[in-house]
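Below is one structure, written out as structure tokens; comments come after it.
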Amino acid sequence: MLLSPGYRRLLLLCVLLGVPIALACFFFVGLQHQLQHWVWTSLPEAAGYDTPPWWWPLPALVLAGLILAPIVTRMPGAGGHLPVNGLGGPPVGPKALPGAVLAALATLPLGVVLGPEAPLMAVGSGLALLAVRRAGAGGDQRAGAILATAGSTAAISTILGGPVAAAVLLIEGAGLAGAQMVVLLLPCLLASATGSLVFTGFGQWTGLKIGALALPDLPPAANPDAGDFLWGVPTAALIAVLTTLARELGHRTVSWTRRHTAARTVACATAVGVCVAAYALITGRSPAEAALSGQAALAQLAADPHAWPVGALIALVACKGLAWGIALGSLRGGPIFPSVLLGTATAMACSGLPGFGVTPALALGVAAAAAAVTGLPLSSAVLAVLLTGGDAYDQMPLIVTASVVSFIVSQLVRRTEPETAPRPATGAAA
């Protein structure tokens, strides 16, 4: 198959698709960040506030629900996949793409406690399928499925640190093996690699800057010791339990919103706003820390963890975790970014225990949360390694251990819970 003319043409098409998909993702994320800055920074300042007041999330989230309700009930594709199902589900086609993009751009900046990864994958798969149909190859379902997966992988690689992390996510999530894996992996690698040139630069081209998940400032490096493992393993298990319980709340929310979907979508968005406002009232801090995807708050927490009292971290886990669980089953967006902040905040709250370091807590928090929400321990470990950068070598044993422990505990917790809805696989190619 690798030497057939049709497959070679498919690989060439993936190379050509990588750059336009990456550019589309750049404009998508750029516009989302501009709208987010306007809602949570410019507008409060224009109203005379240095930071958003505690009640700010209430009208913002009610508006998000009012916007999302007709998209979910009337537009093709219902605004995209439900985030409680992870990144799984069939590719988003061209007809459903406008609804998914509109739902993301109109609600994520308002603070729905979800990330941009799922909408970006929808952009990638939708554009890839559109290119297939324009090229007159829409009748080949297998080629269309491969190109849709390649487009999704190229899109998500823009915010996960490059094509390698996205490829690992694909390998683990697709559940393929042997020659079948190679057939699907090569187009995804090519599309991701060519698309990443838009952001890394090429020759004199310095590249575009995108809001990818990154931690530019980290606590001082420290080798893990016995205390880090002594406290780190139960902390990873705790993160897995909390994350899995929040996902179960999402599944129950799905069941509740099946009837009277429009009204209950607005009610869920309002409940998310109440949770975010409660965090601001309890801590006296900005509600933006509990709203949105958590990407900015994660960078702040990593740069200066001692600026966050333990009480504020606990309140963040409780309030944002409850809001995230509700949003998973009713709103639209990605599940990974908020879970990473929740896991990191949980680990940081435990980092004051005797012998438990801040840097190891940060590393294991990222890995444990990602493994619990995606069910992909290898991909989660790779993501944690990429985020911790130069400290990754020393922290790798703890990162891998936390990822495995979290995955096993989350599976055990799910076995004790009743199924409320079919749960698709959490893979990029599911």
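Just so it is clear, the values below take in all heavy atoms, side chains as well, and ignore hydrogens, waters and symmetry mates.
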Where do [X] and [Y] come nearest, in terms of heavy atoms and distance?
X      : Y      : result
Leu147 : Ala128 : O-CB, 3.3 Å
Val92  : Leu129 : O-CD1, 4.0 Å
Gly321 : Ala246 : O-CB, 4.0 Å
Leu82  : Leu331 : CD2-O, 4.2 Å
Gln36  : Pro109 : N-CB, 3.6 Å
Ile399 : Ala367 : O-CB, 3.7 Å

Do [X] and [Y] have side-chain heavy atoms sitting under 4.5 Å apart?
X      : Y      : value
Leu108 : Pro119 : yes
Glu289 : Trp308 : yes
Pro397 : Phe229 : yes
Pro305 : Leu362 : no
Val113 : Leu292 : no
Trp324 : Pro83  : no
Leu61  : Thr270 : no
Gln295 : Leu341 : no

Are the side chain of [X] and the backbone of [Y] linked by a donor-acceptor contact shorter than 3.5 Å?
X      : Y      : result
Arg247 : Val373 : yes
Ser125 : Ala148 : no
Ser403 : Pro377 : yes
Thr257 : Val254 : yes
Trp56  : Val39  : yes
Asp228 : Gly357 : yes
Glu117 : Ile336 : yes
Ser293 : Gly115 : no
Thr253 : Gly329 : no
Ser157 : Ala154 : yes

Which value, rounded to the nearest 0.5 Å, describes the distance between [X] atom [atom1] and [Y] atom [atom2]?
X      : Y      : atom1 : atom2 : result
Cys268 : Ile326 : SG    : CD1   : 6.5 Å
Leu301 : Leu313 : CG    : CG    : 6.0 Å
Thr107 : Leu114 : OG1   : CG    : 8.0 Å
Leu249 : Trp256 : CG    : CH2   : 11.5 Å
Met348 : Ile314 : CE    : CD1   : 14.5 Å
Tyr279 : Thr283 : OH    : OG1   : 4.5 Å

> For Thr243 and Ser410, what are the C-alpha separation, side-chain angles and deciding distance, and is it a side-chain contact (heavy atoms from CB on, under 4.5 Å)?
Replying inline: CA-CA 8 Å; Thr243 303; Ser410 65; over 6 Å; no
>> Checking His33 against His37 for the side-chain contact (heavy atoms from CB on, under 4.5 Å) test, could you report, in this order, the C-alpha distance in whole Å, the side-chain angles of both residues, the deciding distance, and whether it holds?
In response: CA-CA 6 Å; His33 284 177; His37 184 271; over 6 Å; no
> Can you list the steps and then say if Leu364 with Thr235 is a side-chain contact (heavy atoms from CB on, under 4.5 Å)?
Replying inline: CA-CA 9 Å; Leu364 78 86; Thr235 298; 4.0 Å; yes
>> Could you walk me through whether Arg258 and Arg264 satisfy the side-chain contact (heavy atoms from CB on, under 4.5 Å) test, starting with their C-alpha distance in whole Å, then the side-chain angles of each, then the deciding distance to 0.1 Å, before giving a yes or no?
In response: CA-CA 9 Å; Arg258 285 199 181 104; Arg264 291 183 177 182; over 6 Å; no
>> Check for me whether Arg285 meets the cation-pi criterion with Trp54, that is, NZ or CZ under 6.0 Å from the six-membered ring centre and within 45 degrees of the ring axis.
In response: no
